[in-house]
Undergrad: 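Take this structure first; my questions come after.
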There are 2 protein chains.
Amino acid sequence: MGVLPDDLACFAVHVAARELDNAYRPALRELGLTYPQYMTMLVLWERDPQTVKELGAALRFDSGTLSPLLKRLEAAGFVTRERSTTDERSVLVRLTTRGRKLEERGKDLVAKVFRTFHYSDRDAEHLHEEMRKLVAALDDRAATFGRGAGG
Amino acid sequence: MGVLPDDLACFAVHVAARELDNAYRPALRELGLTYPQYMTMLVLWERDPQTVKELGAALRFDSGTLSPLLKRLEAAGFVTRERSTTDERSVLVRLTTRGRKLEERGKDLVAKVFRTFHYSDRDAEHLHEEMRKLVAALDDRAATFGRGAGG
DNA sequence: AGCAATTGAGTTGTACACAACTAGTATGCG
DNA sequence: CGCATACTAGTTGTGTACAACTCAATTGCT
């Protein structure tokens, strides 16, 4: 009895994530951001400044992902990074004027692109709920098994 | 009015995909495969040989992803690659004895790991259906807008 | 105060994933 | 037949992601 990728829900999740990326890419290109960079900016537009650790918690990125990403945002002139004075281990990420200004163009981008999916509000909420459930199950599992020995 | 990544369904899909990856990683590590490599082997265990193009269609990978991935599978001794004699443009990917033998250990890995998620069959089918719907919507969109100008 | 353990950020190496491109092959059309 | 066109793989460059590691700063414990 055979199993193909298309038969697997987990494969479908990966495909969906990549296709979402592709859907958002052209619009984000005009902002000069990638999808993970845009998510980072979303956090900063709400809460500025943030430490690298706080960003990592909000985005579920580890330092190996976030450090180079933030360096690119800094190189693009959207953020600055400076050591915290109260705890020299932490680095504070702060929006530049340019980074704050990008919010005007960037804030309604999600809604604008999502509208082209022909997804009703109800469908979107279903989707979101299904994802929350899956992530919760995976978080539970990780808490039980640790990051170590798999099943 | 603020928007954070956690408020967005599309962000949740990305988080879910990454967490799924993390959940499968330890088990796949014992096979010496990554998740995308495992998906490739799943296809080959069902249909052997396959051209790079056919694999790409089944997995939704383009040649930029698949070519180096297949080279790694070849280096690991799981597949061979040879130019098709009927159409010299195509490359046939074929399981080695070692690659075929891996199926014994690999075929029930999906089910085994998925069981640790505490997801009922019904829940899994819900998830799968939700993903199919999203991918269908995104495919529709891509067909309409092309890969070009973003809405 | 002194020292071990922990924490926060960064680095290195490996592996996807996509855009843009190249090169060789096949096909279609005049 | 001969050439333009399309197709199949592969390459290069950029940007996530994660593991495993380093290093400095801080905290906890005695």
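These numbers come from a predicted model, not from an experiment.
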Undergrad: When all nucleic acid strands are considered with a 4.0 Å heavy-atom cut-off, which category describes Leu66(A): base, sugar-phosphate, or nothing?
TA: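 No contact at all - Leu66(A) keeps every heavy atom at 4.0 Å or more from the nucleic acid.
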Undergrad: Return the nearest nucleotide to the side chain of Phe61(B); candidates are dA17(C), dT11(C), dG10(D).
TA: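 Looking only at heavy atoms from C-beta outward on Phe61(B), the closest nucleotide is dA17(C).
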Undergrad: For Pro36(B) and for Leu92(A), locate the closest nucleotide of DNA chain C by heavy-atom distance; then report the residue assigned to the nucleotide nearer the 5' terminus.
TA: Leu92(A)
Undergrad: Which nucleotide sits closest to the side chain of Gln37(A): dA19(D), dG10(D), dT16(D)?
TA: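 Of all the options, the side chain of Gln37(A) is nearest to dT16(D).
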Undergrad: Roughly how far, to the nearest 0.5 Å, is the CG atom of Leu33(B) from the CG atom of Leu73(B)?
TA: 6.5 Å
Undergrad: Please determine whether a side-chain nitrogen or oxygen atom of Lys71(B) lies at a distance below 4.0 Å from atom OP1 or OP2 of dT11(D).
TA: yes
Undergrad: Nearest of dA9(C), dA9(D), dA20(D) to any side-chain atom of Arg29(B)?
TA: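 The answer is dA20(D), which lies nearest to the side chain.
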Undergrad: Does dG10(D) have its OP1 or OP2 closer than 4.0 Å to a side-chain nitrogen or oxygen of Arg81(B)?
TA: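 The answer is yes; a side-chain N or O of Arg81(B) sits under 4.0 Å from OP1 or OP2.
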Undergrad: Do the side chains of Tyr24(A) and Phe11(B) join up, straight or via other hydrophobic residues, at under 4.5 Å, putting them in one cluster?
TA: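 Same hydrophobic cluster.
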Undergrad: Would you say Phe117(A) ends up clustered with Met131(A) if hydrophobic residues are merged whenever their side chains have heavy atoms under 4.5 Å apart, either directly or through other cluster members?
TA: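 Hydrophobic grouping puts Met131(A) with Phe117(A).
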Undergrad: At what distance, to the nearest 0.5 angstrom, does CZ of Arg94(B) lie from CD of Glu82(B)?
TA: 4.5 Å
Undergrad: From dA9(C), dA17(D), dA17(C), pick the nucleotide closest to the side chain of Thr51(A)?
TA: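 It is dA9(C).
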Undergrad: Quick one: Tyr35(A) OH to dA17(C) C1', roughly how many Å, whole number?
TA: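 Distance check: Tyr35(A) OH to dA17(C) C1' gives 16 Å.
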Undergrad: NA contact type, Thr34(B), heavy-atom cut-off 4.0 Å: base, sugar-phosphate, or nothing?
TA: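 It contacts sugar-phosphate atoms only.
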Undergrad: From C-beta outward on Arg25(B), which listed nucleotide comes closest to its side chain: dC18(C), dG10(C), dC18(D)?
TA: dC18(D)
Undergrad: Grab the OH-P distance between Tyr38(A) and dG15(D) for me, whole Å please.
TA: 19 Å
Undergrad: Touch check for Arg72(A), heavy atoms < 4.0 angstrom, all strands: base, sugar-phosphate only, or nothing?
TA: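 Since a base atom lies under 4.0 Å of Arg72(A), the category is base.
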Undergrad: If I take atom NE2 in residue His14(B) and atom P in nucleotide dA17(D), what distance separates them, rounded to the nearest angstrom?
TA: 7 Å
Undergrad: Rounding to an integer number of Å, can you tell me how far Leu28(B) CG sits from dA15(C) C1'?
TA: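 That distance rounds to 13 Å.
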Undergrad: What is the distance from atom SG of Cys10(A) to atom CD of Glu19(B), rounded to the nearest 0.5 Å?
TA: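 If we round to the nearest 0.5 Å, Cys10(A):SG and Glu19(B):CD are 14.0 Å apart.
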Undergrad: Tabulated below should be each protein N or O lying under 3.5 Å from an N or O of nucleotides 21-26 of chain D; please produce it.
TA:
{"from": "dT26(D)", "atom 1": "OP1", "to": "Glu88(A)", "atom 2": "N", "distance (Å)": "3.1"}

Undergrad: At 4.0 Å (heavy atoms only), tell me whether Thr65(B) reaches a base, stays on the sugar-phosphate, or touches nothing.
TA: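 Base, at least one base atom sits under 4.0 Å.
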Undergrad: Return the value, rounded to whole Å, for the distance between atom CZ of Arg83(A) and atom C1' of dG8(C).
TA: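 Roughly 8 Å, once rounded to whole Å.
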Undergrad: Could you tell me how far apart Glu74(B) (CD) and dG10(D) (P) are, to the nearest whole angstrom?
TA: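 Checked: the CD to P distance equals 9 Å.
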Undergrad: Tell me which donor-acceptor pairs under 3.5 Å the side chains of residues 100-107 of chain A have, and how far apart each pair is, sequence neighbours excluded?
TA:
{"from": "Arg100(A)", "atom 1": "NH2", "to": "Leu95(A)", "atom 2": "O", "distance (Å)": "3.4"}
{"from": "Arg105(A)", "atom 1": "NH1", "to": "Glu30(A)", "atom 2": "O", "distance (Å)": "3.4"}

Undergrad: State plainly whether the residues Glu88(B) and Arg83(B) are in salt-bridge range, i.e. N to O under 4.0 Å.
TA: no
Undergrad: Show which side-chain atoms of residues 40-47 of chain A pair as donor or acceptor with protein atoms under 3.5 Å away, not counting sequence neighbours.
TA:
{"from": "Thr40(A)", "atom 1": "OG1", "to": "Pro36(A)", "atom 2": "O", "distance (Å)": "2.9"}
{"from": "Trp45(A)", "atom 1": "NE1", "to": "Gly99(A)", "atom 2": "O", "distance (Å)": "3.0"}

Undergrad: Rounded to the nearest angstrom, tell me the gap between atom CZ in Arg18(B) and atom C1' in dA19(D).
TA: 15 Å
Undergrad: Rounded to whole Å, please give me the gap between CG in Leu69(A) and P in dT16(D).
TA: 5 Å
